[in-house]
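Encoded as structure tokens, the structure appears first; notes follow it.
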Protein chains: 2
Amino acid sequence: MNKRSAEETKQQILVAARKTFAGQGYAQANMRRIALEAGISVGGVYLHFKNKEELYQTLQREWMDQLNRNTINALRDSSEPAEAIASFITTSIEFVRCNREMINLTGRETNFSFNSELKRGFFRERRRLIADLIDQGIAAGTFRPCDSAEAARIIFNILRGFVLSMVIDEDALFSPEGCVDLVLNGLVRREKQ
Amino acid sequence: MNKRSAEETKQQILVAARKTFAGQGYAQANMRRIALEAGISVGGVYLHFKNKEELYQTLQREWMDQLNRNTINALRDSSEPAEAIASFITTSIEFVRCNREMINLTGRETNFSFNSELKRGFFRERRRLIADLIDQGIAAGTFRPCDSAEAARIIFNILRGFVLSMVIDEDALFSPEGCVDLVLNGLVRREKQ
DNA sequence: GAATCTCCTGAACAATCGTTCACATGAACA
DNA sequence: TGTTCATGTGAACGATTGTTCAGGAGATTC
């Protein structure tokens, strides 16, 4: 028998699960297929993960941690508020673009309550971060006074829309630059620069 | 036997299907439950709809037609470009708010190819409409020159995000007013009004 | 009242799925 | 060499699902 270390096998299962979940969605992806893809038997999968749900949750945590790290890194270099907002938006979109598999996995599944609790907390934190950046901009006089929490929710929803678009129709995708431009400057013409 | 006219029964099946799909998602909702909810037998459902997919598609078309009508009505009264954009955004959000069931039904399901083709066309048309409104604003001198198609995609994605938020976490929802304000004026302070 | 048509029933079918468990296998250690 | 333990196997189980179909009931027509 082709024995591998437990950790090695676990990683291969995760890779297979990511691929399968992303390709078929949670409901359609079945444990047999994941096992096959990982080069292991069905029973073997259950040796490393309690059940399908735990397997899914593990993948969720994985990309959240990654995005958190990326965001922190990106914001570290931004001193100006406008630059920080631009960084946040650009990093988010870049992340989504570079992690299609994870995004397909997440963007598809909006059903599960077990999924929601984890994700909701994560997303709430991200909105709080945007609101902080806006508040700093208002304090610095760069941004006009406004409801920062509300503006943060709107910006957040642009990105949420981007994720969904990536999953269901790519025609609706936009560039980070265009997004930053609209968010900062709006549609209406400025009388004086 | 409690006989009803074919059309009456068909409508009751649609009501039951809307409720069931919205509550449990396409994959989880089963034909037996829909039939029960409609006060008919499983076989009876198949008398009126070829299969589960056709039932789902019928509901999809229903809300698209409704939203189209609402939008046309709302835009009829808007002469100014800024007002038109505001109308579009407000109408869209109002519609989503007033049609939770339909939205839950649509927002959840991002998997199906049969679903996508129909929806993609519909959404493409809506983006084109936004772009037209922006172009009119630019031509009128109210809006600054910009890539109207790109801006349209971004505005569209705000609304797409709103739909998803409505389904998975309501904490992320925003007001039409706040959205219009950000889209028109941006974050950055205006030097002179 | 017989024939016909529309509308409906629900048991049965075939397929799929998550999960379990009795059993195997190889390595480590005595 | 024999024992133990981590690791892996895959048939089998129980549950659920979309769909079908042989049959039945009420209305309508002649």
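Here is the naming used below: chain letters follow the sequence lines, and residue numbers restart at 1 for every chain.
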Restricting to pairs with a member in residues 128-142 of chain A, which pass salt bridge (charged side-chain N to carboxylate O under 4.0 Å, His left out), not counting sequence neighbours? Glu125(A)-Arg128(A), Arg128(A)-Asp132(A)
Measure all distances between protein nitrogen or oxygen atoms and nitrogen or oxygen atoms of nucleotides 19-23 of chain D, and list the pairs falling under 3.5 Å.
from, atom 1, to, atom 2, distance (Å)
dT19(D), OP2, Tyr46(B), OH, 2.6
dT19(D), OP2, Lys52(B), N, 3.0
dT19(D), O5', Tyr46(B), OH, 3.3

Between dT16(C) (C1') and Asn30(B) (CG): distance, integer Å: 14 Å
What is the distance from CD of Gln12(B) to C1' of dC8(C), rounded to the nearest Å? 14 Å
With a 4.0 Å cut-off on heavy atoms, is Ala35(B) in touch with a base, just the backbone sugar-phosphate, or nothing at all? nothing
Donor-acceptor contacts under 3.5 Å from residues 31-47 of chain B side chains, at least two apart:
from, atom 1, to, atom 2, distance (Å)
Glu37(B), OE2, Lys19(B), NZ, 2.9
Ser41(B), OG, Gly44(B), N, 3.3

Value in whole Å for how far the C1' atom of dG18(C) lies from CG of Leu55(A): 12 Å
Is the phosphate of dC8(C) approached by Thr9(B) (side-chain N or O, under 4.0 Å from OP1 or OP2)? yes
Glu62(B): what forms a side-chain hydrogen bond (donor to acceptor under 3.5 Å, both in side chains) with it, not counting sequence neighbours? Arg18(B)
Side-chain donor-acceptor distances from residues 163-170 of chain A under 3.5 Å, at least two apart:
from, atom 1, to, atom 2, distance (Å)
Ser165(A), OG, Gly161(A), O, 3.1
Ser165(A), OG, Asn157(B), OD1, 2.6
Ser165(A), OG, Arg160(B), NH1, 2.7
Asp169(A), OD1, Arg160(B), NH1, 2.8
Asp169(A), OD1, Arg160(B), NH2, 3.2
Glu170(A), OE2, Arg100(A), NH2, 3.0

Could you tell me which residues satisfy salt bridge (Lys or Arg N to Asp or Glu O under 4.0 Å) with Arg124(B), sequence neighbours excluded, listed by chain and number? Asp171(A)
I would like to know whether Glu7(A) and Lys10(A) meet salt bridge (Lys or Arg N to Asp or Glu O under 4.0 Å); could you show each step before the answer? CA-CA 5 Å; Glu7(A) 188 51 37; Lys10(A) 197 166 179 175; 5.5 Å; no
From CD of Gln24(A) across to C1' of dC17(C) the rounded distance in Å is 13 Å
Rounded to whole Å, please give me the gap between CD in Gln28(B) and C1' in dA15(D). 13 Å
Here the distance between atom P of dC8(C) and atom CG of Leu36(B), to the nearest Å, is 16 Å
Output the rounded distance in Å from NZ (Lys10(B)) to C1' (dT6(C)). 15 Å
His48(B) NE2 to dT9(C) C1': how many Å, rounded? 12 Å
